2 protein chains.
Amino acid sequence: MKMSAGVEWALHCCTVLSTATAPVPAHRLAELHGVSRTYLAKHLQALSKAGLIHAVEGRDGGYELSRPAAEVTVYDVVRAVDGPEAAFRCTEIRQQGPLPATGEACKVPCGIAKVMATAERAWRDSLRGVTIGDLAATVDTNLPGTWDSVRHWLGAGTASEPVR
Amino acid sequence: MKMSAGVEWALHCCTVLSTATAPVPAHRLAELHGVSRTYLAKHLQALSKAGLIHAVEGRDGGYELSRPAAEVTVYDVVRAVDGPEAAFRCTEIRQQGPLPATGEACKVPCGIAKVMATAERAWRDSLRGVTIGDLAATVDTNLPGTWDSVRHWLGAGTASEPVR
DNA sequence: GGATAGTTACTCGGATACCATGTGTCCGAGTCGTAACGG
DNA sequence: CCGTTACGACTCGGACACATGGTATCCGAGTAACTATCC
């Protein structure tokens, strides 16, 4: 069981967007994080479809958060990128084989499925307890001035162009 | 993010083994659950490597639980089949790009990685709170007599042979 | 000088290849139960 | 009748193909800003 690497990228991007003062193009976010531009674009589209971010079209356009960072949870991002379906999928094998469970026994969900569902709910609840705003604040606590540098870099031209 | 279907099979098999009175061959477990014999064998090998079950070799051999069912947690099985590594893997992209995090900032783990690790810990703790014995008891509560039927079927010959 | 039309460059969005991991399968090594055999 | 021995069938274990989904990429549609022109 492994999670898409795009989740990490998306979370970093959302955190950056929460402190940006203007729309940020996808290729700029990729450059800032040192990842593939085209593949990151795919994940940003997922975030866009989920309504977490929205695109400003045309020249000088880019992405920006649709809601305040404090109202976007980490789980929202994970769900948007990684998909809404649960990791564990009960295939109801109790109904197969020579001793299948009868119809009435299947009215209650399989005990195994219930345990897995409970665990995943705990996982989701934990992720729902943290927002993009919290993440940004943590970074600022660990290394004050980080967002100033990021905003400065975003405001400047390309990376090859020296920052004065 | 999806979990291997073998996890579900393995949990069902462990529950059956917890009520069996003699070693159960892999092909018999596959037949009982209506799943691929050879593929199930692969997952049973994983359980065996993890020490959760052990093989009785030779004729009339098979698998049996190594520990009492009450001492085997659901997480033990999930970990054995699905692997011990976490779903989220931090690739430290904060150290990449034109504004990499400096050495001292990296002494503390990335905030995103911490959030994901906390969530996964909650997930694991939830799975650790349920044992194979609990699962077996749940089945017996929902449909009393199930394990008697299973034991009877296991004691009898092949499925094609009618049970008297 | 101001409004307007054309141009340009930039943005996102979906459709398209590649590869790693899960899925499914196979055959060989080892072991126990059984039966035949000899004492 | 009992011990020994050889056999046979059954078990697991690891090594081998296939398929699905994540990974990575490309090009086309659309829009806003800029510029030059005209009134």
Side-chain angles (χ1 to χ4, degrees), chain A residues 1-10 13 17 20 22-31 33-64 66 78 80-85 87-89 91 93 154 157-158, chain B residues 1-10 13 17 22-31 33-64 66 78 80-83 85 87-89 91 93 154 157-158:
Chain A
M1 184 176 61
K2 65 168 190 170
M3 182 177 294
S4 169
V7 170
E8 184 185 7
W9 300 5
C13 286
L17 288 180
V24 184
H27 78 88
R28 216 76 218 293
L29 286 170
E31 193 178 357
H33 293 111
V35 300
S36 162
R37 308 172 187 198
T38 52
Y39 190 32
L40 178 63
K42 185 187 184 73
H43 294 305
L44 293 176
Q45 286 170 30
L47 293 177
S48 177
K49 277 187 179 176
L52 301 180
I53 64 179
H54 64 95
V56 176
E57 296 191 326
R59 182 171 160 174
D60 293 354
Y63 286 106
E64 49 190 21
S66 298
V78 171
V81 174
D82 209 56
E85 55 279 344
F88 180 86
R89 300 144 296 167
T91 59
I93 65 177
L154 286 175
T158 62
Chain B
M1 183 175 61
K2 65 168 190 171
M3 182 176 295
S4 167
V7 169
E8 184 184 7
W9 300 5
C13 287
L17 289 179
V24 184
H27 78 88
R28 215 76 218 294
L29 287 170
E31 194 177 358
H33 293 111
V35 299
S36 161
R37 309 172 185 198
T38 52
Y39 191 33
L40 176 63
K42 186 186 185 73
H43 294 304
L44 292 175
Q45 286 170 28
L47 293 178
S48 177
K49 277 189 179 175
L52 300 181
I53 65 178
H54 65 93
V56 176
E57 297 191 327
R59 182 174 159 174
D60 292 354
Y63 287 106
E64 50 191 20
S66 298
V78 171
V81 174
D82 209 57
E85 56 279 344
F88 180 86
R89 299 143 297 165
T91 59
I93 66 177
L154 287 175
T158 62

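A, B, ... follow the sequence lines: proteins, then strands. Residue 1 opens every chain. It should be emphasised that the depicted structure is a prediction, and the values quoted were computed from it without experimental measurement.
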(message) Val24(A): which residues meet the side-chain contact (heavy atoms from CB on, under 4.5 Å) condition with it, sequence neighbours left out?
(response) Leu17(A), Ala20(A), Arg28(A), Leu29(A), Leu154(A)
(request) Apply side-chain hydrogen bond (donor to acceptor under 3.5 Å, both in side chains) to Ser66(B) and list each qualifying residue two or more places apart in sequence or on a separate chain. (result) none
(request) Would you name the heavy atoms of Glu8(A) and Thr91(B) that are closest together and state the gap between them? (result) OE1-OG1, 2.7 Å
(message) According to side-chain contact (heavy atoms from CB on, under 4.5 Å), who are the partners of Ala87(A), at least two apart in sequence or on a separate chain?
(response) Met1(A), Glu120(A), Met1(B), Met3(B)
(request) Please work out which residues in residues 47-58 of chain A have a non-hydrogen atom less than 4.0 Å from an atom of DNA chain C and list them by number. (result) Ser48(A), Lys49(A), Ala55(A), Gly58(A)
(request) Please state how far atom NZ in Lys2(B) lies from atom P in dG22(C), giving the value in whole angstrom units. (result) 9 Å
(request) Whole angstrom is fine here: how far is it from CZ in Arg89(B) over to P in dA20(C)? (result) 14 Å
(message) Rounding to an integer number of Å, can you tell me how far Phe88(B) CZ sits from dG22(D) P?
(response) 16 Å
(message) How bent is the helix from dG1(C)-dC39(D) to dG39(C)-dC1(D), measuring the angle between the end axes built from five pairs each, rounded to 10°?
(response) 10°
(request) Nearest whole angstrom, please: distance from the C1' of dA32(D) to the CD of Glu64(A). (result) 14 Å
(request) Could you say whether Met3(A) or Gly61(B) is positioned toward the 5' end of DNA chain D, judged by the nucleotide with the nearest heavy atom to each? (result) Gly61(B)
(request) Measure from the side chain of Tyr63(B), starting at C-beta and using heavy atoms only, and say which of dT11(C), dA33(D), dG13(D) lies closest. (result) dG13(D)
(message) As a test of reading the structure: which of dT23(C), dC10(C), dC12(D) is closest to the side chain of Ser4(B), going by heavy atoms?
(response) dT23(C)
(request) Figure out the CZ/C1' separation between Arg59(B) and dT11(D), and round it to whole Å. (result) 11 Å
(request) May I have the distance from Met1(B) (atom CE) to dT23(D) (atom C1'), rounded to whole angstrom? (result) 18 Å
Under 3.5 Å, side-chain donor or acceptor atoms of residues 35-52 of chain B against the rest of the protein: list the pairs with distances, not counting sequence neighbours.
from	atom 1	to	atom 2	distance (Å)
Ser36(B)	OG	Thr38(B)	OG1	3.4
Ser36(B)	OG	Tyr39(B)	N	3.2
Tyr39(B)	OH	His43(B)	NE2	3.4

(message) Going by side-chain contact (heavy atoms from CB on, under 4.5 Å), name the residues that satisfy it together with Glu64(A), two or more places apart in sequence or in a different chain.
(response) Pro23(A), His54(A), Val56(A)
(request) Measure across Ala10(A) and Val81(A) and return the closest heavy-atom pair with its distance rounded to 0.1 Å. (result) CB-CG2, 3.6 Å
(message) Please report the distance, rounded to the nearest Å, between NE2 in His27(A) and P in dG13(C).
(response) 14 Å
(message) Rounded to whole Å, how long is the line connecting atom CD of Glu85(B) with atom C1' of dG22(C)?
(response) 13 Å
(request) Output the residues of residues 36-46 of chain B in contact with DNA chain C, where contact means a heavy atom of the residue under 4.0 Å from an atom of the strand; sort by number or write none. (result) Ser36(B), Thr38(B), Tyr39(B), Lys42(B)
